[in-house]
Undergrad: 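Have a look at the structure that comes next, please.
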There are 2 protein chains.
Amino acid sequence: MKSTKQSAVTAQDVADLAGVSRAAVSRTFTKNGSVSTETREKVEKAAAQLGYQINFLAQGLNRKRSMLIGVVVARLSDPFRSQLLEGLLNEIQARGYQALVTEVGNAEELEATIRRFTQFRVSGVIVTSGQPPIDLIKECIHFNIPVVGINRYAAIPNVDFVCSDNVTGAQLAAQQLIKSGCKSIGWLNYQYSTWGGITRGEAFSQVLQATEPWCYQQLVTICAQEDGYEGGRKAAHEMHKNGLKVDGIYCANALLACGFLDGMREHGMDAPNDFHIIGFDDTPQTAQYSYRLSTIRQDVIETAKRALWCLESRAQDASLLQRLEVVPVSLVLRNTSPESSYSVTQLKDK
Amino acid sequence: MKSTKQSAVTAQDVADLAGVSRAAVSRTFTKNGSVSTETREKVEKAAAQLGYQINFLAQGLNRKRSMLIGVVVARLSDPFRSQLLEGLLNEIQARGYQALVTEVGNAEELEATIRRFTQFRVSGVIVTSGQPPIDLIKECIHFNIPVVGINRYAAIPNVDFVCSDNVTGAQLAAQQLIKSGCKSIGWLNYQYSTWGGITRGEAFSQVLQATEPWCYQQLVTICAQEDGYEGGRKAAHEMHKNGLKVDGIYCANALLACGFLDGMREHGMDAPNDFHIIGFDDTPQTAQYSYRLSTIRQDVIETAKRALWCLESRAQDASLLQRLEVVPVSLVLRNTSPESSYSVTQLKDK
DNA sequence: TTTAAAAATGAACACGTGTTCACTGTTTTG
DNA sequence: CAAAACAGTGAACACGTGTTCATTTTTAAA
């Protein structure tokens with residue numbers, strides 16, 4: 001393990017020590033060429049002795065593709081977002097890639113970001129926030145870089161999308177609220193919401209219209225001024241000020257739901273006694289005792305798996321038709337919209 | 001904007017179009033060489049016309065250093081961790097670097113991770129989780145890669161550390177609990193805690209011993225079986241089962257505090273009426289209405305700034321002595337340990 | 001045993017950039 | 001005005017790898 005050499009140990013050093021050509025070293029570490037077991041062993045021994053490791057920059061320069069995958073994120077303070085990132089990191093690393101993570105605020109930032117991704121010759125791009133700008137995408141497919149968007153959709157050829165099953169989610173939520181006897185139902189979203197939030201609202205509205213027309217007639221759509229916990233809380237305050245009442249409410253995401261619930265509590269009303277509430281995402285926070293929020297659960301692990309599957313399959317064949325992967329969701333019943341009214345009573349007695 | 005060329009546009013293409021040598025192009029895009037304004041303009045015009053962008057892999061290969069900074073994270077489901085990552089990403093991007101993020105579970109994973117970082121010739125490594133293995137660090141300083149650890153410390157030469165002021169935090173917390181009239185004080189941490197958690201506990205203990213010996217005498221140290229919300233909750237259950245009582249408690253992090261508070265609530269006890277509680281971190285969740293937890297606030301932005309300052313200064317001069325940056329903390333008073341008992345009463349009357 | 005096929009090997013090239021070095025033309029200095 | 005200092009330029013090299021292409025060695029078939 002002598003490391004007297006000033007610079008890094010290169011494949012040539014390994015070749016010299018093993019008494020073979022540098023090409024043999026290269027072939028040993030790539031599944032490409034064919035090497036005799038004898039030389040392979042010699043090379044591996046020499047490499048271990050010198051502590052040789054491939055220079056990924058040189059490798060990427062040669063192959064015109066690095067072992068990097070670019071990930072665009074935003075608002076990591078939202079627990080669901082960081083949960084999703086965690087899932088993506090795991091999948092990326094499990095396949096031997098490295099994640100190039102960029103947080104992005106507005107559209108032009110996203111453009112500069114994707115441009116940097118191409119400069120690193122990434123093997124794929126995952127966009128979890130913002131709409132991939134079409135001209136940038138063209139640049140990506142020019143470099144043969146697969147792109148996948150999560151929880152959004154746009155009719156961009158050669159770009160795959162994977163998103164949760166918002167329609168089934170809406171069905172489950174509507175069904176549950178109706179079954180619980182809710183009469184005046186509300187839908188809570190925020191201004192300038194994401195594609196996912198808007199889609200969930202549309203699906204919820206359509207489901208109600210199709211199955212419970214009288215509920216659909218008086219469906220209350222609440223639009224918070226901002227996203228997140230504070231948005232939900234202020235929406236509740238606003239609603240209370242206007243004297244508006246609902247007894248069942250479905251929310252575009254978990255933070256909005258928690259905020260709305262707390263906002264109502266500030267006015268002395270709580271679920272499930274005064275109203276029922278169902279959120280989206282199912283972050284760890286929604287399961288905590290102070291909330292015990294019923295939610296539509298998104299499967300971040302499955303989402304991450306499918307995203308990487310899209311990237312890998314498209315890396316094989318870039319001419320594939322656009323795919324839209326719909327990830328199943330499930331309804332998690334907790335305190336804010338319990339299984340049945342019986343269990344509520346039991347809980348209150350206890 | 002003709003892009004009929006199959007491969008990427010290279011500096012040679014720009015040089016050909018501008019009628020200059022490729023060296024001139026290179027000099028135009030690096031602050032290194034000297035170029036006449038005339039040729040610079042010609043080059044920039046040609047570059048814009050062709051949509052030229054530097055190949056970072058080739059650049060990194062040549063400079064033996066890429067525009068990447070490796071970041072080691074763990075347990076992003078902890079809001080404080082993702083908050084810290086968010087701060088780091090912002091600082092990294094603001095300086096023109098890109099973040100190579102890796103989530104890591106155990107020690108040998110961390111080793112493989114740092115090894116991959118060196119393979120990409122990163123400009124720096126930020127470790128927010130786990131103890132940097134010494135032999136790997138040697139490899140880093142051999143490549144002249146600066147390393148900085150966050151919220152931990154070890155006597156490793158050439159490695160800087162930046163962590164929050166746990167001593168002042170302990171003083172503020174102790175002072176506040178004493179001032180509020182707490183008699184039997186507790187300290188909550190979890191088994192196999194981080195360096196930060198342990199240090200906070202030691203500091204709290206020492207502060208009590210120095211300033212309030214009678215409180216130190218009966219200081220109750222609670223050790224949860226696991227980290228996070230569930231750890232804190234179960235610790236509260238356990239404490240209740242054992243008939244143990246405290247009226248003031250200081251917690252190693254925010255999730256433990258929230259969990260403990262909820263665990264106590266499950267037994268009908270709540271802050272600030274039955275006990276006072278002060279957490280650590282000050283994540284968004286602790287500010288929410290259902291918790292309104294008083295906490296010692298960590299300044300993630302300042303932490304991130306100093307971490308990158310350490311990296312950049314050590315990149316300039318690798319022989320600098322080891323530095324330990326202590327980031328100021330502050331006490332945020334909320335409901336679970338209010339300003340004064342008067343305000344509590346007011347709040348209860350209201 | 002002879003011949004054809006297959007496997008293994010090393011030399012050479014390509015990837016795209018930064019930087020040194022020698023050289024030319026221009027400006028400043030004494 | 002001569003000499004010296006200086007900004008600008010292009011040719012050439014280095015960075016470390018993957019891969020092609022002849023060439024040699026080994027194996028399989030006849």
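So you know, we letter chains A, B, ... as the sequences are listed, proteins then strands, and number each from 1.
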Undergrad: For A/Asn55 and C/dG16, give me the distance from atom CG to atom C1', rounded to whole Å.
TA: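 To the nearest whole Å, that distance equals 14 Å.
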Undergrad: Quick one: closest heavy-atom pair of A/Glu103 and A/Ala74, and the distance?
TA: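 Nearest heavy atoms, A/Glu103 then A/Ala74: OE2-C, 3.8 Å.
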Undergrad: Salt bridge (Lys or Arg N to Asp or Glu O under 4.0 Å) with A/Arg306: which residues, sequence neighbours excluded?
TA: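 Partners of A/Arg306 by the salt bridge (Lys or Arg N to Asp or Glu O under 4.0 Å) criterion, ordered by chain and then number, come out as A/Glu302, A/Glu325.
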Undergrad: Write out all pairs satisfying side chain to side chain donor-acceptor pair (under 3.5 Å) with one or both partners inside residues 143-164 of chain B, taking only residues at least two apart or from two chains.
TA: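 Residue pairs passing side chain to side chain donor-acceptor pair (under 3.5 Å), neighbours aside: B/Asn151-B/Gln298, B/Tyr153-B/Gln322, B/Asp160-B/Arg314, B/Asp160-B/Arg323, B/Ser164-B/Gln298.
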Undergrad: Let me know the distance between CD of A/Gln53 and P of D/dT17, rounded to the nearest Å.
TA: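 After rounding, the reported distance stands at 10 Å.
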Undergrad: Test A/Asp16 against A/Gln12 for side-chain hydrogen bond (donor to acceptor under 3.5 Å, both in side chains), laying out the working first.
TA: CA-CA 6 Å; A/Asp16 293 348; A/Gln12 186 64 58; 3.0 Å; yes
Undergrad: Taking the nucleotide of DNA chain D with the closest heavy atom to each, which residue, B/Val20 or B/Arg121, is nearer the 5' end?
TA: B/Val20
Undergrad: Taking protein heavy atoms under 4.0 Å as touching, what does nucleotides 18-26 of chain D look like 5' to 3' if B marks base contact, S marks sugar-phosphate-only contact and - marks none?
TA: BBB------
Undergrad: Do any of residues 35-46 of chain A sit with a heavy atom less than 4.0 Å from DNA chain C, and if so which?
TA: A/Val35, A/Ser36, A/Thr39
Undergrad: Rounded to whole angstrom units, what separation is found between the CG atom of A/Leu57 and the C1' atom of D/dG16?
TA: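 For the pair A/Leu57 CG and D/dG16 C1', the rounded distance is 10 Å.
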Undergrad: Figure out the CG/P separation between A/Asp13 and D/dG16, and round it to whole Å.
TA: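 So the two atoms are 9 Å apart, to the nearest Å.
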Undergrad: Going by the rule salt bridge (Lys or Arg N to Asp or Glu O under 4.0 Å), which residues pair with B/Glu109 if we only count those two or more places apart in sequence or in a different chain?
TA: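 Not a single residue meets the salt bridge (Lys or Arg N to Asp or Glu O under 4.0 Å) criterion with B/Glu109.
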Undergrad: Output the single nucleotide from D/dC15, D/dT9, C/dT9 whose closest atom is nearest the side chain of A/Ser34.
TA: C/dT9
Undergrad: Would you list the pairs meeting salt bridge (Lys or Arg N to Asp or Glu O under 4.0 Å) in which at least one residue belongs to residues 17-36 of chain B, sequence neighbours left out?
TA: none
Undergrad: What's the CE-C1' distance between B/Met67 and C/dT17, to the nearest Å?
TA: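 My rounded result for the distance is 15 Å.
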Undergrad: So does B/Thr10 get a side-chain nitrogen or oxygen closer than 4.0 Å to the phosphate oxygens (OP1/OP2) of C/dG16?
TA: no
Undergrad: Mind jotting down which residue pairs meet the side chain to side chain donor-acceptor pair (under 3.5 Å) criterion with at least one end in residues 37-47 of chain B? Sequence neighbours excluded, please.
TA: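 Sorted result for residues 37-47 of chain B: B/Ser36-B/Thr39.
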Undergrad: Among residues two or more places apart or on two chains, list those pairs meeting side chain to side chain donor-acceptor pair (under 3.5 Å) that have a residue in residues 65-75 of chain B.
TA: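 Output for this query lists B/Arg75-B/Asp227.
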Undergrad: Once side chain to side chain donor-acceptor pair (under 3.5 Å) is applied, do any residues pair with A/Arg63, and if so which ones, sequence neighbours excluded?
TA: none
Undergrad: Starting from P on D/dC15, measure out to CD on A/Gln12 and report it in whole angstrom.
TA: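 Distance check: A/Gln12 CD to D/dC15 P gives 11 Å.
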Undergrad: Starting at atom NZ of B/Lys64, determine the distance to atom P of C/dT17, rounded to an integer number of angstrom.
TA: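 Distance, rounded to whole Å: 18 Å.
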Undergrad: Select from B/Leu61 and B/Ser21 the residue whose nearest nucleotide in DNA chain D is closer to the 5' end of that strand.
TA: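 The residue closer to the strand's 5' end, by nearest nucleotide, is B/Ser21.
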